[in-house]
There are 2 protein chains.
Amino acid sequence: MTPATIVDVARAAGVSKTTASDALRGHGRVSDATREAVLRAASELGYAINRSARSLRTATTGAIGLYIPQVVFRSEHYLSFVYGVVDVAAGFDYDVTVIVAGEEARPNYAPHVDGLVMIDPAEGDAMVERLLAMGLPVVSSERFPSGQQPTGVVWSDHGAYTRVLLDHLAERGAHRPALLASATVSDWSIGIQESYLAWCRDHGVEPAVAVATFGTDASQAQAEAAAILEREPDVDALIGASDGFAAAAAPVVTAAGRVIGEDLLLASCVDNSALRAMHPSVTAIDTKGGEAGAECARLLFRLLSGETERGASIELPLELHVRESTQGRSQG
Amino acid sequence: MTPATIVDVARAAGVSKTTASDALRGHGRVSDATREAVLRAASELGYAINRSARSLRTATTGAIGLYIPQVVFRSEHYLSFVYGVVDVAAGFDYDVTVIVAGEEARPNYAPHVDGLVMIDPAEGDAMVERLLAMGLPVVSSERFPSGQQPTGVVWSDHGAYTRVLLDHLAERGAHRPALLASATVSDWSIGIQESYLAWCRDHGVEPAVAVATFGTDASQAQAEAAAILEREPDVDALIGASDGFAAAAAPVVTAAGRVIGEDLLLASCVDNSALRAMHPSVTAIDTKGGEAGAECARLLFRLLSGETERGASIELPLELHVRESTQGRSQG
DNA sequence: CTGAAAGCGCTAACAT
DNA sequence: ATGTTAGCGCTTTCAG
């Protein structure tokens, strides 16, 4: 049995193709009685639209692309983000096509989509350039580090939340917070770093910054954490900027003879389930992956429909989850 | 400027549509000279095929679907899996459409794909039923727990690796290993559990099993871990079946006055970066997400081309990474 | 080795 | 409020 087409539905309902099409899409042209007849016929025949035909006719694809940079260390945020995007797209009857780095190697690569959502665009990412060059509407999660601009942005003020976190550490008795910063060049990492330096200046604190990249293992982050504790013995709080830094630093802190949550407060700029499960559990900023994904998709659909103008920018609030690792002596 | 079509290419090369199409797809019909002329014209015009038109004509979609169950706790495995699938699909010039649970609520939901890859199909998952009912070729990562069967399977012998792990623990001096099992009903969780019980029987060891689910937080797994240590004081090794269990159990073990890697060996049936970064680092079975994804996609394309028969089953070998948490006293 | 013509299933334009 | 016609861009007959 070949699947039913719109002509089969039209015939069964005793109307023309056009009327069937209008009825199925809810266009006001048709009378209620006709619409019902068409819908009944469609459901009886198990009719499902042929998206290729619609796409060819309307010059749309019925899919949006989702670009995920190939890093494993923010996997929880990314995966939640994917769920958020797919969820919203489903509401618009759109599919989501995933795009990952590496495909730019294909000479004529062009995903078959109407628009794009990009997570964490990084400076100098060839795939980002490639996708922007396609000329489709693009919404990015987090602002572009420089140069080109996407059609829309959903961003969070990581700098502001870093200040909130620093104030919290100070309130819990920390006098010399250190930052284990991320070497990645992104709006997010820069915001955290600048905000930290500004806070230190404002509070007359000497900054203590180490930089690490997070690849397949945590050894570099751990070495940097150890070095900073050794070099600056009066450091009494440590913030891990990247996902994984704080968890990686924890054993190093303990090995250095410090007690997390008492004489060394530990916190992360990116929350994840490992931080919740650790002992002591680690204070962190929730980056709200699912909501960010959903918001990006919503903005993209508004852009596609023309409902929102190019250049739109939406700020997504974050949340600081205070846990045991920043208890402080006073609360002990 | 509307994009160039195949007619534009044909005209520029001085041939017919048909010949242009044949040349572009490398069909043997055309002479070398003609092909070159067509390819040159195409590249000069920046021609990109209109996939909707091809799809309509050939009744294919140019995309495969990837179903990811909505759980965050295996995020690293899943995300690597996605990369593996997309990578292979790209080699076949196919897009990958992500499908997540929840979409089955839409009455006529049917993703626009030629075939499907499903990760970890669980018993009673409505979306799994729904996707199978579409009648498309389906490859699943891990075998189906029961009932319906997919067109092809890529699976790993988690039971066998659990035995390897148990033998390793015994060799490092453990006499009474306990299992913190997963409540999820999947081929994977069942294989681990059965294999554990069989091993205990074979070695005359009294089994010690606790069952936990892993949702947004680790508290249940932690409570179960604490209870088993309390109830069975001679337990000297603990295996976390699900991703996250071992990491969650670690602080509980320490709080119970046990020393990980010495009087209590800790291991996980699913590896992740948190386990590598912990102190002590935790011995784990590498579930090879990226390779599993790639293998699933390869099998799906072989099934789509008819190169492989329905019912194919491929075993993917895993790997045990021995780390500090199962050092044992002797090696101390 | 190449071309002409038909048609995939749908929707937009133009009727009535 | 509904029907008729044309055509989206491609691949597949069928004819040379």
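Reckoned from all heavy atoms, side chains included, excluding hydrogens, waters and symmetry mates. Numbered from 1 within each chain, the chains take letters A, B, ... in sequence-line order. The shown structure was predicted, so the numbers you read here are calculated from the model rather than taken from an experiment.
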Query raised in the report: Rounding to a whole Å, what distance do you find between R35(B):CZ and dC1(C):P?
Result: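 My rounded result for the distance is 10 Å.
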
Query raised in the report: What is the distance from CG of D32(A) to C1' of dA1(D), rounded to the nearest Å?
Result: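 Distance, rounded to whole Å: 12 Å.
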
**Report entry** CG-CG distance between D114(A) and L300(A), expressed to the nearest 0.5 angstrom
**Finding:**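 Reported to 0.5 Å precision, the distance equals 8.5 Å.
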
Report task. Hey, could you give me the CZ/CD distance between F81(A) and E295(A), rounded to the nearest 0.5 Å? Result ->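 The CD atom of E295(A) is 10.0 Å from CZ of F81(A), to the nearest 0.5 Å.
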
Query raised in the report: Within the structure, does a side-chain N or O atom of T34(B) lie under 4.0 Å from either OP1 or OP2 of dC1(C)?
Result: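 T34(B) to dC1(C) OP1/OP2: no side-chain N or O under 4.0 Å.
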
**Report entry** Residue-phosphate contact under 4.0 Å: T19(A) side-chain N/O, dG3(D) OP1/OP2
**Finding:**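 For T19(A), the contact criterion (side-chain N or O under 4.0 Å from OP1 or OP2 of dG3(D)) is met.
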
Query - Side chain proximity check, R51(B) to S55(A), heavy atoms < 4.5 angstrom - result: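 Result no, sub-4.5 Å side-chain heavy-atom pair not found.
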
Query raised in the report: Is there a side-chain contact between V138(A) and L131(A), using heavy atoms and a 4.5 Å cut-off?
Result: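 Contact flag for V138(A)/L131(A) side chains = no.
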
**Report entry** For A89(A) against I64(A), the heavy-atom pair lying closest together
**Finding:**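 What the structure gives for the nearest pair is CB-CD1, 4.2 Å.
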
Report task. Verify whether one side chain among H77(A) and S75(B) offers a donor that lies under 3.5 Å from an acceptor in the other. Result ->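 There is no such pair (donor and acceptor under 3.5 Å, judged by atom type) between the side chains of H77(A) and S75(B).
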
**Report entry** Short side-chain to backbone donor-acceptor contact, S140(A) and M118(A), under 3.5 Å
**Finding:**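 Looks like no, no N/O pair under 3.5 Å.
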
Query raised in the report: Within the side chain of T287(A), is there an N or O that forms a donor-acceptor pair under 3.5 Å with the backbone of G289(A)?
Result: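 Not confirmed, T287(A) side chain does not pair with G289(A) backbone.
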
Report summary line: Protein heavy-atom contacts under 4.0 Å, written 5' to 3' over nucleotides 6-13 of chain D as B (base), S (sugar-phosphate only) or - (none), form the string BBBBBBB-

Query raised in the report: Through what angle, rounded to 10 degrees, does the axis of the helix from dC1(C)-dG16(D) to dT16(C)-dA1(D) turn between its ends, using five pairs per end?
Result: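 Rounded to the nearest 10 degrees, the bend comes out at 30°.
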
